[in-house]
Amino acid sequence: MKAENMTRIQFMSLSVNEGYARGAAAAFLARYDPTVPQLSDIKTAVSEAVTNCIVHAYPDHVGPITMTVAVYPGREVRITIADKGVGIPDVTKAMEPLFTTGNPEERSGLGFAVMQSFMDKVKVSSRVGGGTRVTLIKHLAERETAVST
């Protein structure tokens with residue numbers, strides 16, 4: 001299936017860029033007139049995915065993060081957040097609620113659980129030493145049009 005529209009941006013794994021990624025995704029999707037809750041869900045999931053890259057993919061240096069936002073027929077939104085960081089040795093374990101490789105006093109281990117709760121589907125692929133790719137999928141509901149009488 002081919003995307004109807006797509007954008008790709010790359011930015012460095014600096015915490016200040018988390019808001020940029022969230023805002024860029026929201027701005028791109030605005031023309032599809034998502035509901036406020038849908039947009040809020042997407043922005044929250046993007047924040048979590050980008051924060052995971054910043055904190056876990058590049059624990060001791062800054063590296064690139066690529067975000068692709070694509071809209072497919074049927075108003076299916078796919079947002080991919082990819083890094084070239086350390087990778088995840090056990091994706092299944094990493095996706096368990098409360099699991100974290102970071103400092104447990106600073107990290108809750110709920111990033112993937114939050115993403116899953118706000119999106120229709122979350123796919124994660126990773127290779128140790130080769131980076132991680134998180135794909136967030138959400139179907140935007142059709143907006144009702146006003147009927148004039």
Quiz item: Under the 3.5 angstrom rule, does the side chain of Glu18 hit a backbone N or O of Ser15 as a donor-acceptor pair?
Solution: no

Exercise. State whether Tyr72 and Arg78 meet the cation-pi test: NZ (Lys) or CZ (Arg) under 6.0 Å from the six-membered ring centroid, and within 45° of the perpendicular axis.
Key: yes

Self-check item: Cluster check Tyr20, Val69: I/L/V/M/F/W/Y, side chain < 4.5 angstrom
Solution: yes

Self-check item: Residue pairs involving residues 2-16 (criterion salt bridge (charged side-chain N to carboxylate O under 4.0 Å, His left out); sequence neighbours excluded)
Solution: none

Quiz item: Honestly curious: do Ile9 and Ile79 fall in one hydrophobic cluster under the side-chain, below-4.5 Å linking rule?
Solution: yes

Quiz prompt | Any Val77 side-chain heavy atom under 4.5 Å of Leu140 side chain | solution = yes

Self-check item: Val16 with Met12, same ILVMFWY side-chain cluster at under 4.5 Å
Solution: yes

Quiz item: Should Val124 and Met115 be counted in the same cluster of Ile, Leu, Val, Met, Phe, Trp and Tyr side chains packed under 4.5 Å apart?
Solution: yes

Self-check item: Qualifying residues under salt bridge (Lys or Arg N to Asp or Glu O under 4.0 Å), relative to Lys138, sequence neighbours excluded
Solution: Asp41

Quiz item: If you measure only the distance, is there a donor-acceptor pair under 3.5 Å linking the side chains of Ser47 and Arg22?
Solution: yes

Quiz prompt | Test item: Ser13 side-chain N/O and Gly63 main-chain N/O as donor-acceptor pair under 3.5 Å | solution = yes

Exercise. Only one of Asn17, Ile81, Val134 passes side-chain contact (heavy atoms from CB on, under 4.5 Å) with Cys53; say which it is.
Key: Ile81

Practice problem: Please assess Gln10 against Met67 for the test side chain to side chain contact (heavy atoms under 4.5 Å, CB included), listing each intermediate value before the final yes or no. | Solution: CA-CA 6 Å; Gln10 187 172 61; Met67 180 174 77; over 6 Å; no

Exercise. Taking the side chain as every heavy atom from C-beta outward, state whether Ile137 and Val122 have any pair of such atoms under 4.5 Å apart.
Key: no

Practice problem: Might you work through the side chain to side chain contact (heavy atoms under 4.5 Å, CB included) test for Leu14 and Val62, ending with a clear yes or no? | Solution: CA-CA 7 Å; Leu14 301 169; Val62 174; 3.7 Å; yes

Quiz item: Between Ala25 and Val46, which heavy-atom pair has the shortest distance, and what is it?
Solution: CB-CG2, 4.3 Å

Quiz prompt | Rounded distance (nearest 0.5 Å) linking atom CZ of Phe11 with atom CD1 of Ile65 | solution = 5.0 Å

Quiz item: For the residue pair His61 and Tyr58, does the interplanar ring angle fall in the parallel (under 30°), tilted (30 to 60°) or perpendicular (over 60°) class?
Solution: perpendicular

Quiz prompt | Check: Thr44 side chain, Ser40 main-chain N or O, donor-acceptor pair, under 3.5 Å | solution = yes

Exercise. Using distance alone, with no hydrogens and no angle criterion, decide if Thr132 and Ser126 have a side-chain donor and acceptor under 3.5 Å apart.
Key: yes

